[in-house]
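Heads up: the structure comes next, in structure tokens.
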Amino acid sequence: MRVLPVIARELRASARQSFTYALRVLGVLALLVVLGVFGLSGSIGPEIGGRLFSALHCALFVAVWVLVPVLTSDCISRERREGTLPLLFLTNLNPRDIVYAKGLAQGLRAFTLWLAVLPVLTIPLVAGGVGWPEVVVSALVNFSSICLATSAGLVASALARVWNRALALAFCLTVSLLVGFLFSLPRIVIGVSGLSFRRLFWMSEDGGLGLGIVFAINTGDMWQRFLSASRIGPWPVLRGYGALALLSLLVLAAWICVAAWLVRRVWREEPPSARVQWLQRTLFTPVVLRPVLNRWLRWQLRRNPIGWLEQRSWSGRLVVWSWFAVVICIYSSLFSNLSLYQRGFHQLQGVLASLLAGSIALSAAGSFRRERETGVLELLLVSPITEWQIIAGRVRGLWVQFLPAMILLVSVWLYSATFLSTDSELTSVVVYSVAFVALPVIGLYFSLAKNNIIVSLLWTLLVGVAVPAAIGRFAALWCGPDVVPEGAARTLIPCGLQMFFAFQLALRLHYNLKYRRFALSS
């Protein structure tokens with residue numbers, strides 16, 4: 001086959017990357033963390049296998065939908081940036097062969113994550129309460145998820161040339177495919193199996209999103225309830241999940257054809273067409289208050305030239321207000337429904353703050369990526385700008401990028417805390433405000449210390465979020481509530497550790513910039 005040399009090339013390139021092996025270790029550690037949390041919650045006992053298997057399957061399901069698009073979103077766009085995509089067309093390969101080879105190589109890379117966590121998934125089997133139908137359902141659901149997430153990453157990588165745009169597009173496509181997957185999952189399973197679930201008190205036939213989540217992640221307890229209530233064998237439902245896996249494979253083949261069509265159009269790097277240039281002049285050229293914008297950019301160039309690099313283009317300025325617009329839209333929908341506001345305000349605030357903190361960590365972890373790829377970082381280091389000015393300018397640029405959304409989020413949270421009369425609201429405000437200050441500094445250090453953006457992001461979240469929270473929780477369990485109160489374990493210890501880590505890593509980042517000690521190659 002013509003694609004075999006390309007597949008071998010991709011696999012050899014992946015084998016030389018340390019992140020390929022770190023990904024497997026990360027998947028195993030994630031499941032072990034779930035296992036540890038499950039044990040600390042006091043749920044250990046007889047009949048634990050089904051619930052534990054469901055929790056581990058849920059963690060693996062989420063990891064597939066998060067990590068696989070990240071793995072595949074840069075497989076074609078990197079070839080375009082490095083100028084090696086036209087070299088592939090000098091051979092007898094066509095665009096479909098190239099996309100097939102890329103997709104198969106990245107799919108095998110994601111499949112190794114699945115294989116790495118199999119030893120951990122055998123723990124519920126040893127504990128008992130899990131049979132072969134649950135294992136087959138888990139395998140079919142994760143296989144379908146890998147196919148759909150891989151297709152989203154391939155199309156995004158074929159559409160965008162810049163890595164961050166490809167990643168953002170991959171996540172947008174992934175969310176769309178995930179919603180469609182969850183909506184179609186119960187309908188396909190029910191329709192193919194030819195069964196009626198109305199006899200079960202915990203299900204309905206509406207095929208909604210909640211029912212799709214139950215069908216996707218509740219594999220352990222679902223089978224016990226289903227078999228005891230319906231008194232039938234598992235084969236009809238397994239046929240439904242098998243049909244879903246086959247449909248996902250067909251969707252992957254269709255999206256590969258779409259990605260091949262896109263590659264055929266964009267493999268030659270040509271200047272923008274006249275229509276694209278007209279659209280850019282019409283839609284993205286400042287019209288209102290243009291002198292004010294020019295004066296502000298000149299002032300920012302004199303005051304913070306490193307931050308000016310992120311705000312000089314319309315796309316960089318658009319990022320500043322994107323999260324602000326998202327938060328306004330969510331609050332508009334929330335406040336228009338008072339019943340929803342009273343029931344789930346705190347949960348929604350936590351989700352919004354967590355997503356915002358994740359976006360800050362992602363932007364910080366990839367902040368020096370473009371400078372390192374284009375060689376601008378070396379030019380900055382030989383310029384009159386000092387190392388501390390580079391660090392301070394980039395940190396201020398990250399703060400300004402998310403400052404409007406963060407101010408709105410914290411303001412609404414503080415206003416709600418005045419009449420909700422709960423300490424949890426004020427505690428959450430303090431925790432996320434400190435994370436907003438510390439995460440950019442921690443992410444900057446790892447963006448320079450690690451060569452892979454995913455590794456940088458994971459280390460940023462580990463050092464900036466997971467380790468401080470775990471130490472605070474461990475201190476509360478070890479010393480007891482009399483020595484370490486609940487408020488100190490949730491607020492003082494994690495926030496103090498975050499600021500301490502940020503200070504130490506800022507000093508280390510200055511040392512690395514001064515002596516040019518940072519990762520340059522894989």
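Numbering starts at 1 and runs along the sequence shown. Any value given below was found using the heavy atoms of this structure, including those in side chains, with hydrogens, waters and symmetry copies removed.
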For the atom pair [atom1] ([X]) and [atom2] ([Y]), what is the distance rounded to the nearest 0.5 Å?
X      : Y      : atom1 : atom2 : answer
Ser456 : Leu362 : OG    : CG    : 10.0 Å
Leu154 : Leu252 : CG    : CG    : 7.0 Å
Phe402 : Phe324 : CZ    : CZ    : 14.5 Å
Leu93  : Leu88  : CG    : CG    : 6.5 Å
Arg96  : Trp261 : CZ    : CH2   : 13.5 Å
Leu448 : Arg508 : CG    : CZ    : 11.5 Å

Output field: ring centroids Tyr511/Tyr515 closer than 6.0 Å: yes
Do Tyr445 and Trp459 have ring centroids that are under 6.0 Å from one another? no
Crowded around Trp388 CH2? As in, over 12 foreign heavy atoms under 6.0 Å? yes
What do the steps show when you test Leu398 against Leu444 for side-chain contact (heavy atoms from CB on, under 4.5 Å), and what is the final call? CA-CA 10 Å; Leu398 290 170; Leu444 280 179; 4.3 Å; yes
Residue set satisfying salt bridge (charged side-chain N to carboxylate O under 4.0 Å, His left out) with Arg80, at least two apart, ordered chain then number -> Glu269
Min side-chain heavy-atom separation [X]-[Y] under 4.5 Å:
X      : Y      : value
Leu462 : Leu458 : no
Trp413 : Tyr432 : yes
Ile76  : Ile98  : no
Val467 : Leu497 : no
Leu173 : Trp255 : yes

Return yes if some donor-acceptor pair links the side-chain N/O of [X] with the main-chain N/O of [Y] below 3.5 Å, else return no.
X      : Y      : value
Thr122 : Pro119 : yes
Ser73  : Val70  : yes
Arg394 : Ala392 : no
Ser157 : Gly153 : no
Ser151 : Leu148 : yes

Apply the test side-chain contact (heavy atoms from CB on, under 4.5 Å) to residues Phe436 and Trp399: give CA-CA distance (whole Å), side-chain angles for both, the deciding distance (0.1 Å), then the verdict. CA-CA 8 Å; Phe436 173 74; Trp399 284 342; 4.1 Å; yes
Run the numbers on Val437 and Met499 for side-chain contact (heavy atoms from CB on, under 4.5 Å), then give the verdict. CA-CA 8 Å; Val437 176; Met499 298 305 296; 4.2 Å; yes
Aromatic rings Trp65 and Phe181: how do their planes relate, parallel, tilted or perpendicular, breaks at 30° and 60°? tilted
Looking at [X] and [Y], what are the two nearest heavy atoms and their distance?
X      : Y      : result
Ser447 : Gly366 : CB-N, 4.4 Å
Ser145 : Phe61  : OG-CE1, 3.2 Å
Gln106 : Thr72  : CB-CG2, 3.3 Å
Ala435 : Pro440 : O-CD, 4.1 Å
Pro468 : Gln498 : CG-CG, 3.8 Å
Ala158 : Ala259 : CB-O, 3.8 Å

Asp74 and Ser77: side chain donor to acceptor below 3.5 Å: yes
Before giving the answer on side-chain contact (heavy atoms from CB on, under 4.5 Å), spell out for Phe446 and Leu505 the whole-Å C-alpha distance, their side-chain angles and the decisive distance to 0.1 Å. CA-CA 9 Å; Phe446 287 111; Leu505 292 180; 4.0 Å; yes
